Each structure stands twice: as structure tokens, then as C-alpha cells.
*Asks:* 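What follows is a single structure, and I will ask about it in a moment.
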Amino acid sequence: MTDEAPQYVAARVQQALAEDERTHELGIRVDVRGDQLFLRGQVPAQERREIISTVASEAAPDLKVRNEINVVEVRDPGEEEAL
Amino acid sequence: MKAHIAAVGDIHLGEDLRGKYRAQVAGIEHRADVFLIAGDLTRHGTVKEGRLVAEEFRDLQIPVVAVLGNHDYHSDAEEEIADLLRDVGITVLDDNSTVIDCNGMRLGIVGGKGFGGGFAGKCASEFGEPEIKAFVRHTKAIADRWRIALKELDADHKIVLSHYSPVKDTLEGEPKEIYPFLGSYLLAEAVDSVGADLILHGHAHLGTEKGNTPGGIRVRNVAMPVLRRAYACYCLDGAG
């Protein structure tokens, strides 16, 4: 684990987030810097933000997970566009 | 007369969002004549999620037309999910068309999930191993079915509803390395060859809303993470 290149760790976490049935998240950016794992992106609910941390931690247990994912509020439809 | 269209994709409903999305589409009948859904209604494509989606979308006061997305295929239950949606009155398109009477105008919609392969000059070809050929053939077959469906469609306005993107414009913001998994130019080429008023798609959460095909047809990426709105509203003028 200590000798593994950070790119492979990030790739493994990204695959886990996509394939784990608790997440199936394809749009999360994963970056490894030293002993830290950064997660970035947006999800529509707090529960989804938290489970992403859990799955990422399991895939890279030696790294400190920094969850920078935003929970996005969905707004009203707003203006109509005339085409 | 004008046709008012509401559209969204990639709502990825799960138990944690039960009731919330439904609350956000309340009153949609005052804004739009039809609601088009560009795939990825579920997260995992399970029958249970399909049932939840059907409950969330039932009894809206305007016609709802949907296509499925790649997430809806994940558990090999796409047929059952489509049937659950049809049971509550949603029209689910799978490389075919429907016509909706819209303020006296015939609004024709050709829809299907689409597929990937990449964009002109930087795309997969039907060459080499059978797995690559199968990938490319899947997109070609879809594009052919859309072309035929568009030709046969008798309508005042034509909209194409897809999950995957037909153009690169609306992928702006996504990593270029994954473009071949986000869409295919073959889809745009098919639509350009016959003509349409608008193409709607989802799938690219990091992309941008507005683009065009090489033939000048308006393309809108209505993935909810792109819109950051419950749905987008577009107006097609009766003048065509």
C-alpha cells in the first residue's frame, strides 16, 4: 500500500464509487495528495455525501478522507427559453 | 400557438429523495404542455427504484414522455422499469416515436437512450475485436432507428429525446478523456439528416446546457446537476 502510486489509489476509489451498490456515483472527482484523499463534486442529498466518504475510506483505508462534495439545492424552474 | 416544454434528466431518485422531487414539480401544468425526461431516473436501475419513480411521476396533469438512461439498465431490469412507468401513464420511448396534441399542434418526439462512441475524428470505429465492433454497432443501430423514426414522424414540431449526448458542445466541463462514453456524433448526424427542432439529452453531469449540432439544431443538456433546477422550460413557436 505504501508503495502504491497515488494515481492508482485514486483510480481504485473512483471505480469503487462507480461500482459499489451503495453509491453508483460516476461524477465524483478523486485526488490523492500525500496521505489525504480529496473528494469533489455535487450530490442532491446529505446522505449521499456521507456514504461516498464511507465507500472511499474502505477503498483507501490508509488515507485521510477530505470530503469537499457539495449538497446542491434544486431550485425552481426559472425562466422559459424561447427557441 | 406555442408549445411549452418542460425537460429534465438524471434525477437519480432513491428513497432519500422520496417526495422531494414530486414537491418540486408541483404546478408544472401551469408552465408546460408536456414533460420530457432524458433518462437516469434511478440510481441503480432496480425494480424497487422503478416503482418509486412511477409513484413520484404518477397523476401529473400533463403528458410525461421518458427515455431510460445507463443507470436504469444497471440491474438488467430496464423492461420492468419501463412497464412500471407505462402503468402510471408515462410514455417510455425506446428508439421509437410518439405524437402529442399540443394546443392544436402535433408535437412529435423521437426518443431512446442513445449510446457512446465519441465524436467525429476522435471516435471508435467498427474495427478490430468483436467487443469494440459491438460497441460501435450498438450506436449505429440506434442512430439508424432514430433516422427512420424521424422520417416517418408526421408532426408540426419534432423533438429528439436522448440520454447520451449527440454533440460535444454540451459536454464542455467534462474531462475530454471520457467524451467517448458520454455520447456519439452518429446520433447528431442521424438527426441532422432528417431535421428536428430540438434535441434534449442528459448523462453529462458536469457539462453545459446549451449547444448545437453541426447542422444547426439546438441541443440542450437537461441533466439536473447541470440545470440546478427542478426542470428547464423551452418554448417552440408555432411558426416552426
Side-chain angles (χ1 to χ4, degrees), chain A residues 5-33 37-59 66-83, chain B residues 2-8 10-18 20-21 23-28 31-32 40 42-46 70-71 74-75 157 159 174-175 178 181-182 197-198 203-207 209-210 217-218 220 223-237:
Chain A
Q7 289 87 340
Y8 293 132
V9 180
R12 189 173 66 239
V13 172
Q14 201 132 32
Q15 294 280 10
L17 294 177
E19 293 172 9
D20 193 293
E21 63 178 17
R22 291 168 294 174
T23 49
H24 287 317
E25 292 286 350
L26 305 180
I28 302 300
R29 181 174 167 165
V30 180
D31 284 304
V32 175
R33 296 284 183 274
L37 178 87
F38 293 92
L39 301 169
R40 299 194 188 102
Q42 40 174 282
V43 293
Q46 182 63 30
E47 295 94 321
R48 294 193 190 180
R49 184 179 184 277
E50 286 161 15
I51 195 70
I52 288 169
S53 275
T54 305
V55 171
S57 291
E58 288 171 11
R66 304 287 188 196
N67 189 337
E68 299 182 353
I69 292 165
N70 296 320
V71 178
V72 178
E73 277 292 313
V74 175
R75 298 169 304 181
D76 286 338
E79 285 291 295
E80 180 182 75
E81 184 192 7
L83 296 173
Chain B
K2 294 174 175 179
H4 300 276
I5 294 136
V8 72
D10 304 78
I11 49 177
H12 294 291
L13 288 181
E15 277 301 326
D16 51 355
L17 295 177
R18 183 187 280 275
K20 289 185 186 167
Y21 190 70
Q24 286 170 322
V25 297
I28 193 170
R31 292 172 172 270
D40 275 5
T42 68
R43 301 177 71 196
H44 314 136
T46 60
N70 56 317
H71 281 250
H74 180 69
S75 301
H157 282 298
I159 296 177
E174 292 280 1
I178 67 167
F181 302 104
L182 297 178
D197 298 280
L198 175 65
H203 192 45
H205 293 199
L206 302 176
E209 185 186 351
K210 296 175 185 180
I217 296 170
R218 259 80 62 95
R220 296 291 179 266
M224 202 158 68
V226 171
L227 296 177
R228 294 193 170 203
R229 288 173 275 152
Y231 51 88
C233 295
Y234 305 106
C235 176
L236 291 179
D237 203 293

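Every chain is numbered from 1 and lettered A, B, ... according to where its sequence line falls, protein lines coming before strand lines. What you are looking at is a predicted structure, and each value in this text was computed from that prediction instead of being measured. These values consider heavy atoms only, across backbone and side chains, with no hydrogens, waters or symmetry-generated copies.
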*Asks:* Relative to chain B, which segment of A/E21 carries a heavy atom at a distance below 4.5 Å: side chain, backbone, both, or neither?
*Replies:* backbone
*Asks:* Report the distance from atom CG of A/L83 to atom CG of B/L198, rounding to the nearest 0.5 Å.
*Replies:*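 Answer for the CG-CG pair, A/L83 versus B/L198, is 5.5 Å.
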*Asks:* Looking only at heavy atoms and a cut-off of under 4.5 Å, which of B/L17, B/I5, B/L206 has the most pairs with chain A?
*Replies:* B/L17
*Asks:* For the candidates B/H205, B/E174, B/R31, which exhibits the highest count of non-hydrogen atom pairs separated by less than 4.5 Å from chain A?
*Replies:*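 Of B/H205, B/E174, B/R31, B/R31 has the most heavy-atom pairs under 4.5 Å with chain A.
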*Asks:* Ignoring hydrogens and angles, tell me if any N or O in the side chain of A/E81 forms a donor-acceptor pair with the backbone of B/C233 under 3.5 Å.
*Replies:* no
*Asks:* To the nearest 0.5 Å, what is the distance between NE2 on B/H74 and CD on A/E19?
*Replies:*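 It is 8.5 Å, given to the nearest 0.5 Å.
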*Asks:* Please examine the side chains of A/V74 and B/Q24, heavy atoms only from C-beta on, and report whether any two atoms are closer than 4.5 Å.
*Replies:* yes
*Asks:* Is B/R229 salt-bridged to A/D76, cutoff N-O under 4.0 Å?
*Replies:* no
*Asks:* When you measure from the side chain of B/R43 to the backbone N and O of A/T23, does any donor-acceptor pair fall under 3.5 Å?
*Replies:* yes
*Asks:* Please classify the contact between B/N70 and chain A as side chain, backbone, both or neither, with a heavy-atom cut-off of under 4.5 Å.
*Replies:* side chain
*Asks:* If you count every heavy atom of other residues, nucleotides or ligands that lies below 6.0 Å from B/F181 atom CZ, does the total exceed 12?
*Replies:*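 No.
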*Asks:* Between A/E47, A/R48, A/R75, which shows the greatest number of heavy-atom pairs under 4.5 Å with chain B?
*Replies:*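 Of the candidates given, the most pairs with chain B belong to A/R48.
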*Asks:* Below 4.5 Å from any heavy atom of chain B, which atoms of A/Q46 appear? Answer side chain, backbone, both or neither.
*Replies:*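 Neither part.
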*Asks:* With chain B as the partner, which of A/E79, A/R29, A/Q42 has the greatest number of non-hydrogen pairs under 4.5 Å?
*Replies:*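 Option with the top pair count is A/Q42.
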*Asks:* Looking at A/L26 and B/H71, what are the two nearest heavy atoms and their distance?
*Replies:* CD1-NE2, 3.6 Å
*Asks:* Would you check if the side chain of B/H44 reaches a backbone N or O of A/H24 as a donor-acceptor pair within less than 3.5 Å?
*Replies:* no
